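Note that the structure is predicted; figures quoted are calculated from it, not measured. Order of listing sets the numbers, starting from 1, for every ligand and every atom in it.
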Amino acid sequence: MIAFAAQHFAPPRGEAPTDGPHEDRYRRALIDAAHPSGWRNPIPPDKYNLVVIGAGPGGLTAAREAAALGAKVALIERTLLGGGRLNVGCVPSKALIRTARLYAEMRDAENVGGQVPGSIGIDFRTVMQRMHRIQARLSRADSAERLTEAGVDVYFGEARFASSDTVAVGGVLLHFKKAIIATGARPLIPTIPGISACGFLTNENVFDLTECPQRLLVMGGGPLGCEMAQAFCRFGAHVIIAQDEPMFLPREERDAAQILADCLARDGVEVHLNTAVVGVRIEGARKVVDLDSGGETFSVSVDQIASGIGRAPNVEDLNLETAGVAYDTASGIGVDDFLRTSNPRIYAAGDVCLEYKFTHAAVASARIAVRNALFPGGKGWSGLTIPWCTYSDPEIAHVGLYVREAQQKGIPVRTFTILMHDVDRAVTDGEEDGFVKIHVRQGTDRILGATVVARHAGEMINGLSLAISSGIGLRALARVVHTYPTQAEAIKMVADAYNRTRLTPTLRSLSRRWIARN
Ligand SMILES: Cc1cc2nc3c(=O)[nH]c(=O)nc-3n(C[C@H](O)[C@H](O)[C@H](O)COP(=O)(O)OP(=O)(O)OC[C@H]3O[C@@H](n4cnc5c(N)ncnc54)[C@H](O)[C@@H]3O)c2cc1C
């Protein structure tokens, strides 16, 4: 175990130590906030202005916003308040990624003139304990108590529509004027022979691990698969990642995905692209996974298999037919641009209806759904600019159009790129992998889209989202004075590169003549 682990992961000040294991203490704290034992559901009024189903980021936002606007609101959750973000998604995964980055930095300490005495050991239990502590801490903001104080009636139980304007929960009926469905999504279950019998990890149980697997096969090279593969590799597992397409992150630009593939390989992840998992069986204490790469088959033996092959919307258990809400088991609840379903009283928000399954998208869509459900007129979803980020190292973030999308729309594109190895701060930090690439409409400075690959691309992309959503072009970005040295300066360098293209030969010769004469 590394020497400073105990101090680094010490419980926050002010929290009394207990006799029980930390995991239990943090788990109890989480449950106390997110689903208190002995909770009694309220007695419903005759009618709610709004009933919200699902208390992930989408549902929580909807309920809080509606209550703040003076609506009588009910929020129904079947398991834990906080949803995927807090319990099985963003928060635990980012907590693990933080520690994994620390391990990588210790491993690479010599690159920046440091030395880690002795070999770097991993205390996986402490890593998981820190993750549980963070979940417990963040659960307070979304606790049943806080929601009640905010004027939200919190119900625990499985929600099912009983008619087009009533929902049943815990043996009572809630009548509503309007409802918002925010039931999120769950992991897609792979249909590979033998996998169910062997058992596998998804985001719903990977955060319960108490030991780091020695050998781990990750199925799927999307954001979740890549983030987890890199983190577990950095914790010391031998990680094999199988992706049945030619590249990771199929949605992203090729050069971005290539940098990630190179970085995963450099970390020690065994990368198999164009490779499908075709069978799984148990042999002794190990799981044997059969892989097919372009007709060539081979097997690997591992102790855990993790699936990150996609997400399925939670639509099945809601009795949507009774409510007259149209849905599809793959794409989720059908909504128009105002996030209204086929039942005009009922709206949807978040993963259950959106193609882009992100916490910030769930939150933004919930705000629109509340506004449209409670007030006349309509705010459209398609007007929003939604960025996203894969939290690998380096991070890969995108906003707006990809070149291929602009081309499909017949928009002529010009791209300006700055490589991170030309950015002073990236060089001083030893974080030179990546680039900032901004696409503009040819002949203008109007930003159509941008991809950032950098250590903190998720932070940098927000400036570009602001630019796109506010109609700020590269000329204006070039006028913004950036602090030096920062990696975000790369954005200004792109804008400067654009500005240089405005200096035509005629302008240059005019300028030269003026300077010579004055
Ligand atoms: C491993 C992982 C990492 C992720 N990392 C990121 C990230 O870094 N950044 C990011 O933006 N996004 C990330 N995401 C995605 C993010 O977690 C989701 O987009 C977000 O949680 C969606 O919010 P939501 O409110 O739509 O649904 P959810 O968070 O899924 O919440 C839905 C809630 O509805 C409840 N529910 C379902 N059916 C019923 C019912 N019938 N009755 C009552 N309650 C019901 C569920 O129990 C759940 O609590 C990650 C996801 C995963 C799996």
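- When all heavy atoms of Leu260 and Phe248 are compared, the pair lying nearest together is CD2-CB, 4.5 Å.
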Show me, pair by pair, the donor-acceptor contacts under 3.5 angstrom made by side chains of residues 349-359, not counting sequence neighbours?
residue, atom, partner, partner atom, Å
Lys357, NZ, Asp351, O, 2.8
Lys357, NZ, Leu354, O, 2.7

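- Smallest separation of non-hydrogen atoms from Leu201 and Gln304: CG-OE1, 3.8 Å.
- Within 4.0 Å of ligand 1, heavy atoms belong to protein residues Ile53, Gly54, Ala55, Gly56, Pro57, Gly58, Ile76, Glu77, Arg78, Thr79, Leu80, Gly83, Gly84, Arg85, Val88, Gly89, Cys90, Ser93, Lys94, Gly157, Glu158, Ala159, Ala182, Thr183, Gly184, Ala185, Asn203, Leu224, Arg311, Leu318, Gly350, Asp351, Lys357, Phe358, Thr359, His360, Ala362, Tyr391.
- A ring-centre distance under 6.0 Å is not found for Tyr48 and His175.
- Look at Arg455 and Asp429 and you find no salt bridge, because none of the NZ, NE, NH1 or NH2 atoms lies under 4.0 Å from a carboxylate O.
- Between Arg266 and Asp433 there is a salt bridge, with a side-chain nitrogen of the basic residue lying less than 4.0 Å from a carboxylate oxygen of the acidic one.
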